[in-house]
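The structure's right below; bear with me while I get my questions together.
Worth knowing before you read on, the calculation uses all heavy atoms, side chains too, and leaves out hydrogens, waters and symmetry mates. Only a predicted model underlies this, so the values are computations on that prediction, with no experimental measurement involved. For this chain, numbers begin at 1 and follow the sequence in order.
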Amino acid sequence: MAEHDADREPQPIDEEAAWAAIVAGYGEEPADPPGARPFRSVEDLALIEDEPEVAESPEPKPDAGADKDQERPALGSSVVFAPGVGGPRDFQPSEASDDDADASDEGHFVPPEPPPLPEADVTAKFAWLGVVGGPLLLLLAAIFGWDMTWWLTFLGVGGFLGGIATLFARMQHDEDDDDPGRGAVV
C-alpha cells in the first residue's frame with residue numbers, strides 16, 4: 001500500500017545549507033520562465049515590435065530599405081498632425097458676448113441680488129455677546145492665570161448657556177409639518 005503524507009513524519013530542514021545556498025546565489029538573476037520574451041531596454045521600447053520569426057521568404061520586402069533611412073521617434077514623443085489639421089488640444093471655444101443672445105436663446109441664469117441682512121435687535125445682540133463672550137472670557141482667564149472666582153465662572157458659563165437658550169427660543173417655528181418645504185422652484 002502507498003504511504004499517506006499524514007502518516008510520515010516531517011523531515012527536518014537544514015537551515016545552514018538553505019542560508020548558504022541563498023548567500024551563494026545572491027546577485028545572480030534567475031533564469032527566465034519558458035516562453036518569456038527577453039528584456040528590452042527603454043530605447044528599444046519605442047521601436048515597432050517584430051512579428052514572431054517565421055520561415056524567411058526568398059524575395060526581399062519592397063520597403064525594407066526605407067525603414068533604415070527613416071528616423072524612429074523617441075520614446076515619449078508626441079503625435080504630429082499634418083499641417084492645417086488641428087489636434088484635440090487645439091480647440092478653443094468662442095467667447096460668449098451679450099450680442100450672441102437672440103429670441104430663441106434662453107440665456108444664462110443670473111441670480112437676483114440677495115436681500116440685506118435684517119437689523120438685529122438688542123436682545124439678539126446680547127445673546128450673541130453671551131455665546132461668544134462667555135467662552136472667550138473663560139479662555140482669557142485661563143491664559144492670563146486669573147483666579148477663577150464664582151462670578152467669573154458664572155459670567156462665562158451663564159452667558160454662554162443664556163445666549164444659546166435665547167437664540168433657540170427666538171428661532172422661527174415652522175407650524176406646518178405637512179409642507180415639505182419650498183423645494184426647487186421652476
Side-chain angles (χ1 to χ4, degrees), residues 1-114 117 131-132 135-136 138-139 142-143 160 164 167-168 171 174 176-186:
M1 285 191 87
E3 291 183 358
H4 294 287
D5 290 336
D7 294 342
R8 289 190 291 168
E9 290 185 26
Q11 300 294 324
I13 298 173
D14 185 13
E15 290 184 25
E16 293 296 325
W19 278 109
I22 291 173
V23 170
Y26 182 75
E28 294 178 9
E29 190 166 330
D32 290 334
R37 293 185 171 191
F39 174 76
R40 295 176 62 179
S41 66
V42 174
E43 291 81 21
D44 294 339
L45 288 177
L47 302 177
I48 298 174
E49 198 141 333
D50 295 331
E51 293 292 324
E53 292 186 21
V54 291
E56 293 274 335
S57 59
E59 63 265 356
K61 294 182 182 177
D63 61 329
D67 285 342
K68 292 178 185 175
D69 297 337
Q70 290 180 344
E71 183 89 18
R72 295 264 167 101
L75 182 63
S77 64
S78 300
V79 175
V80 179
F81 289 92
V85 178
R89 293 186 181 176
D90 294 333
F91 177 74
Q92 294 290 331
S94 61
E95 294 292 327
S97 66
D98 293 335
D99 299 335
D100 294 339
D102 57 0
S104 65
D105 188 19
E106 293 181 18
H108 298 285
F109 174 72
V110 178
E113 192 69 29
L117 293 174
V131 168
V132 174
L136 187 63
L138 293 177
L139 183 67
I143 289 174
F160 176 74
I164 288 288
L167 290 175
F168 279 137
M171 285 177 61
D174 213 5
D176 190 14
D177 292 336
D178 295 333
D179 183 24
R182 293 184 184 165
V185 178
V186 181

Distance (rounded to the nearest 0.5 Å) between Ile143 CD1 and Leu136 CG: 8.5 Å
Results of side chain to side chain contact (heavy atoms under 4.5 Å, CB included) for Ile164 - residues two or more places apart only: Val131, Phe160, Phe168
Exercise: identify the closest heavy-atom pair between Asp14 and Ala17: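 Taking every non-hydrogen atom into account, OD2-CB, 3.1 Å.
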Residues in side chain to side chain contact (heavy atoms under 4.5 Å, CB included) contact with Tyr26, at least two apart in sequence or another chain: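 Tyr26: no side chain to side chain contact (heavy atoms under 4.5 Å, CB included) contacts found.
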